[in-house]
Chemist: 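Handing you a structure now.
Reminder, nothing fancy here: chain letters follow the sequence lines and each chain counts from 1. Side-chain atoms are counted along with the backbone in the values below, which use heavy atoms only and exclude waters and symmetry mates. Since the model is a prediction, treat every value here as computed from it, not as a measurement.
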Amino acid sequence: MEFYYYVNIFETKGLEYVLLICFLVLFILLVRYLSTPEKKE
Amino acid sequence: MNNTTAITSDFKRFIRFFLQELKPKGKWLTPFNIISIPVILLGTIILFIRFTQGLGSVTNLSQEFPWGFWIGFDVVIGVAFAGGAYIITFVVYVMKVEKYHSIVRVTVLNGLLAYIFYAGALVLDLGRPWHIINPIIGNSFGYNSVLFLVAWHFLLYMLAEFVEFSPVIAQWAQLEKVRKFVSALTLGAVIFGITLSMLHQSGLGALFLMAKPKIHPLWYSEFIPILFFVSSIFAGLSMIIFEGTISHKVFRNLIGEKSQHSFEEIILGMAKGAAISMFVYYFFKALIFIHEQQWELINDFWGYWYLVEVIGFVLIPCFMFAYAVKTRNTTIIRLAAIITLIGIILNRLNISVIAFKWDAVNKYYPSWEEIIVTLMVVFTEIWVFRWIVTRMPVFSKQH
Amino acid sequence: MDRRNFLKTTAAVCAATLPFKNIKAEETEMKTEFSGVLVDTTRCIGCRSCEVACSKEHDLYVPDIKNDSALESLRTTSEKQWTVVNRFETEKGEVFVKRQCLHCWQPACTAACLTNAMYKTKEGPVTWDGDKCMGCRYCMVSCPFDIPKFEYNEWNPKIQKCNMCFERLQQGKKPACVEACPTDALMFGSKRQLMEVARHRVYNYPDKYVHKIYGEHDVGGTGWLYLSAIPFEQIGFSTDLGTTPYPEYTKEFLFSVPLVLFSIPAFLLGLNLLTNRKNELSEKQGWKNE
C-alpha cells in the first residue's frame, strides 16, 4: 500500500555536523600526536 | 639495412639471454616449493574440470550467490591489496619524496603482478570467457555498465604499471636505448595510473550499488565507492609493510644492509599514512551510520559483526599504528598491518559474500576447490615474483 | 549581401536543418510503446498451462503438471523453467501467483551488462544474446528479483530468463503463456492499456482487490503488472524495493568517471610542477636548510 507522508531526509544533519566537529578536533590531536615523536633515550 | 641486422642480432641475443635466464636458480627443495608445487598441480586439475564440466562442478556458487570466493577474494581483495603501487608512485614521482624511492620498483612489480593474477582470476570465473574480448574490441560496448569501466581500467592500468616497470626489464635485458625511452614515459604513466586507480578501486565498490536490496543495510551505502577508495589507501600501505617485511627476510642477500636500515624509516612513514587514512575512514563509516540512522540495526548478530569489523579491525589498528609511530616500534606496526589486512578481507567479503543475502536459507561458503584455486593463484604469483626479483634489478635503487 | 551569397547561405541552412528534421521524424517512429502483461492473481486457478506452454515454446524442461505436485513447495524460476506458478494459503483462500521476468522499464540487468548481451528491446522485452555474453553474472547480482539464472553445470553456460516470447511478438503473436491461459488471468497489451484495465478493475471492485498495482511504480515501473486480493508481501513479492529505477543507483558514479579523468591528471601534473618549483627555490635561497 502506498502512503503519502512527509519524510525529512535531512533529519540527521545536525548530528552529522556535531560528528564533523568532533572529527576535526580529534584529527588535529592525532596529527599533533604523530608529528612529535618521543625523544630517543 | 644495417639497422635491421643490428635489431635482429639484438633480438636474437635477447632470446638467448631470456632462455638462459629461464633456468631455475638456487635450491629446489625449499619449504615454499614443497607446499606450492602440489597446490599448483592440484589447482590445474581443478581448473581443467571447471572448464569442461562447468562452474558448478567445482564451486559452491548458486543462483542466489552468483559471485563467490573467486570474485570476492581474488579480484576484490587482491586489487585492494595492490593499491600500494599507486600510493608509492604518487609520493615518489608526483610529490618527489626521495625517502621512498628504494621501494618503488618492488611495489610497482607487486602491483603489476597482483593485477595480472588477481584481476586475471576473473577469467576463471567467467562462464563464457572466450567472449571476454567483446567489450574491448568494440563490437558490443556496454558503456552503461560499471563492470565495463572496471574491466577497461584494469586493462589500461596494467599497461601503465608495465610502462612504469619496463625500465627495470630494459636494464635487465641490457637494452640501453629502450630503457631511456621508457624511463621518459614514467611520469605520464604514473599520473595516468593514479587516476585509473582512483576510479577502479572505487569502481569495485560501485559494482555493488545495484545490489541494494541484497546487501545488509549496515554495509550497503551509496558511498561504497568512496569507502572502497579510502580503504584501498591503508590496505595498500599495510600490504607494502607486510610484503616488505617478508621480502627483507627472504631476499636478505639481494638487499643491502643500508636499505635494511632505511626500510625501518619507510615503515614508520607508511604507518603514519595508514593511521591518518584509517582515522578518516572510521569517521566516514560513522557519518554514514548516523546519516542512515542505523542504530536500530546494531543490536543483533549483524550489528555486532559490523562493530567487530569497524572497531576491531579499523579503529584499533589505527591506534596501534599511531602508538607505534610515536614509540618507533616496528613490531607493533607489522602487527597492526596484519590486523588491517584481515580487516580489509573482512570488509570486502562482508559486502560480496557474507552480508550479501544475509538472510538467505542456504548461505554460500567456498568449496575446498575454490580455496585451492585461490591458493594456486597466489602461489603462482609468488613464483613469478621470485623469478623476477632474483634476475632483474628490482631491489637496487638505480637512476 | 549579394544574390549568390544569399543562395549559398540558404542552401547551407537548409542542409543543416535537413538531417535534424530526419532525426526528429525517426524519433517519432521509434516511439514504439512497451508491451507488457497484466496478471490478475484473483483469476488464476493454478492449472500451470502457462508453464507447459513456455517450456514447449523455448525447448526447456516441460513439467509433468498432473503428477509432480510442484505446487506443494515454493519454487523460483530456474535455468530449466522461465516461469513457475506458486500457491499461497492466505486469509482469502488459495492464491496462485505466476512468476517470471518482470521486464522492467529501466532494467538493472541491462545496465549491468558490459557486453549489451542483456538488451532492452524497444518493444519491451528484455532479451539475452549468447554471442555477446561473457558469463560474468553481474546481471544476476544486480537484478532485484533474482530472475536471470545461470547454467552452472555446462561448459558453455547460458543465462536463462523469460524473454516475453520476443520471437512471437515479432510475428504479431502474443506470448505463449498468455495464449495458453484458460481463465484470462493474463492479458497482453501496452502498459498504458494495461494500466487502464487494471485501474478499472480496482475501482469497480474496491473490496475484491488491494489498492495497489504491483509494477506500476516499483523499481521505476515494470512491463508486467500484478493485481491481487491480498497484500503483495503475503504472496511472495518484495514491496520494499523502492520506486527508483535501479540503473540510477550507478548514475552518479558513472558520471563522475569522466570528471575524475578530466581533473585528476591535471591536478597531479600541477602538484608535480609545484614541487619542482619549490625544490628550485629552496636550493637557490637555502630556504629549508637548517
Chemist: Can you tell me how far the CE atom of B:M278 sits from the CG atom of A:L30, to the nearest 0.5 Å?
Modeler: 11.5 Å
Chemist: Less than 4.5 Å to any heavy atom of chain A: does that hold for the side chain of B:Y282, its backbone, both, or neither?
Modeler: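 Contact with chain A: none, neither part.
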Chemist: Check the surroundings of atom OH in B:Y323: do more than 12 heavy atoms from other residues, nucleotides or ligands lie under 6.0 Å from it?
Modeler: no
Chemist: So which residues of residues 16-24 of chain A are in contact with chain B at a heavy-atom cut-off of under 4.5 Å?
Modeler: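 Hits under 4.5 Å: A:E16, A:L19, A:F23.
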Chemist: Testing the basics here: between B:K272 and A:L34, what is the closest heavy-atom pair and its distance to 0.1 Å?
Modeler: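 Taking every non-hydrogen atom into account, CE-O, 3.6 Å.
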Chemist: Could you tell me which portion of A:F27 (side chain, backbone, both or neither) has an atom closer than 4.5 angstrom to a non-hydrogen atom of chain B?
Modeler: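 Both backbone and side chain.
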Chemist: Just give me the residue among B:Q293, B:H291, B:E292 that pairs up with chain A most often, heavy atom to heavy atom, under 4.5 Å.
Modeler: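 Most heavy-atom pairs under 4.5 Å with chain A: B:H291.
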Chemist: Would you give the length of the straight line joining atom CD1 of B:I290 to atom NZ of A:K13, rounded to the nearest 0.5 angstrom?
Modeler: 10.5 Å
Chemist: Using side chain to side chain contact (heavy atoms under 4.5 Å, CB included), reason through A:Y33 and B:V325 one step at a time and then give a plain yes or no.
Modeler: CA-CA 9 Å; A:Y33 178 77; B:V325 170; over 6 Å; no
Chemist: Who pairs with B:T245 by side-chain hydrogen bond (donor to acceptor under 3.5 Å, both in side chains), at least two apart in sequence or on another chain?
Modeler: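 In terms of side-chain hydrogen bond (donor to acceptor under 3.5 Å, both in side chains), with neighbours along the sequence ignored, B:T245 is linked to B:R334.
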